[in-house]
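One structure is given here, and the rest of the page talks about it.
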Amino acid sequence: MKIGELSKLTGVSIRSLRYYEQQGLITPIRLENGYREYHNLAVEQVNTITFYLGLGLSTEQIAGFLHCVLKNKEEFCQEILPIYKQKLAEIEKQIQTLTMIKTNLEERIHSIQTENIQSTEESFPVTQTK
């Protein structure tokens, strides 16, 4: 199949497919006219690549175990578990950083709102009527 057909079948842009090829994740046959010709299994390869990209893995990380997972279950691919653990650690660090930023923003919002209330009360003192 041609690159356009592979793109339609997988929902992956032609540009991304060319990038996957540059990264060594997929390998088409080059016809005499220079066109790329993909095997029917390329659909499964691209879907697998998309799955792992969705987990936040880089194409370099995927290249390290793609061949194994296409032939076996993940459980049999020793390369994948350290990558999963590394990615999880990265995500946990990002969550900590984002939580800290969120707390700081909440504190700033509260401070500004409190200051605005105090300024309003000072500008418009409440008079008590008898």
Check for me, please, whether Leu70 and Phe51 land in the same ILVMFWY cluster - side-chain distances under 4.5 Å, paths through other members count.
yes
For the atom pair CD1 (Ile62) and CD (Gln23), what is the distance rounded to the nearest 0.5 Å?
10.0 Å
Give the minimum heavy-atom separation between Cys68 and Phe76, together with the two atoms involved.
SG-O, 4.1 Å
Quick check: are there more than 12 heavy atoms from other residues, nucleotides or ligands sitting under 6.0 Å from CD1 of Ile29?
no
Might you confirm whether atom CD of Glu106 has over 12 heavy atoms from other residues, nucleotides or ligands at distances under 6.0 Å?
yes
Can you tell me if Glu74 and Tyr84 form a side-chain donor-acceptor pair at under 3.5 Å?
yes
Are any of the side-chain nitrogens in Lys93 or Glu90 under 4.0 Å away from the carboxylate oxygens of its partner?
no
Measuring from atom CD1 of Ile83 to atom SG of Cys77, what distance do you get when rounded to the nearest 0.5 angstrom?
10.0 Å
Compare all side-chain heavy atoms of Leu31 with those of Lys2 and state whether any distance is below 4.5 angstrom.
yes
Arg15: partners by salt bridge (charged side-chain N to carboxylate O under 4.0 Å, His left out), with sequence neighbours left out:
none
Are the side chain of Glu37 and the backbone N or O of Arg30 linked by a donor-acceptor pair below 3.5 Å?
no
Test side-chain contact (heavy atoms from CB on, under 4.5 Å) applied to Ile49 and Leu17, Ile26, Val12, the passing residue:
Ile26
Leu57 and Phe65, any side-chain heavy atoms less than 4.5 Å apart:
yes
Would you say Gln61's side chain and Ser58's backbone share a donor-acceptor pair under 3.5 angstrom?
yes
Sub-4.5 Å side-chain heavy-atom contact between Leu53 and Tyr20
yes
Would you indicate whether Glu75, at its atom CD, is surrounded by more than 12 heavy atoms from other residues, nucleotides or ligands within a distance under 6.0 Å?
yes
Take Arg18 and Gln22 through the test side-chain contact (heavy atoms from CB on, under 4.5 Å) and record every step on the way to the result.
CA-CA 6 Å; Arg18 288 182 181 137; Gln22 288 174 348; 5.6 Å; no
Are side-chain heavy atoms of Thr50 and Thr10 found at a separation under 4.5 Å?
no
Check whether any side-chain heavy atom of Val69 lies under 4.5 Å from a side-chain heavy atom of Tyr52, and answer yes or no.
yes
Name of the residue among Asn104, Thr99, Thr97 meeting side-chain contact (heavy atoms from CB on, under 4.5 Å) with Ile101:
Thr97
For Gln45 and His39, what are the C-alpha separation, side-chain angles and deciding distance, and is it a side-chain contact (heavy atoms from CB on, under 4.5 Å)?
CA-CA 10 Å; Gln45 283 179 291; His39 191 275; over 6 Å; no
d(Ile91 CD1, Gln86 CD) to nearest 0.5 Å is 11.0 Å
Please round to the nearest 0.5 Å and tell me the distance separating atom CG of Leu88 and atom CD1 of Ile95.
8.0 Å
Got a second to check how far Ile3's CD1 is from Glu21's CD, nearest 0.5 Å?
7.0 Å
Interatomic distance, Gln94 atom CD to Lys87 atom NZ [nearest 0.5 angstrom]:
6.0 Å
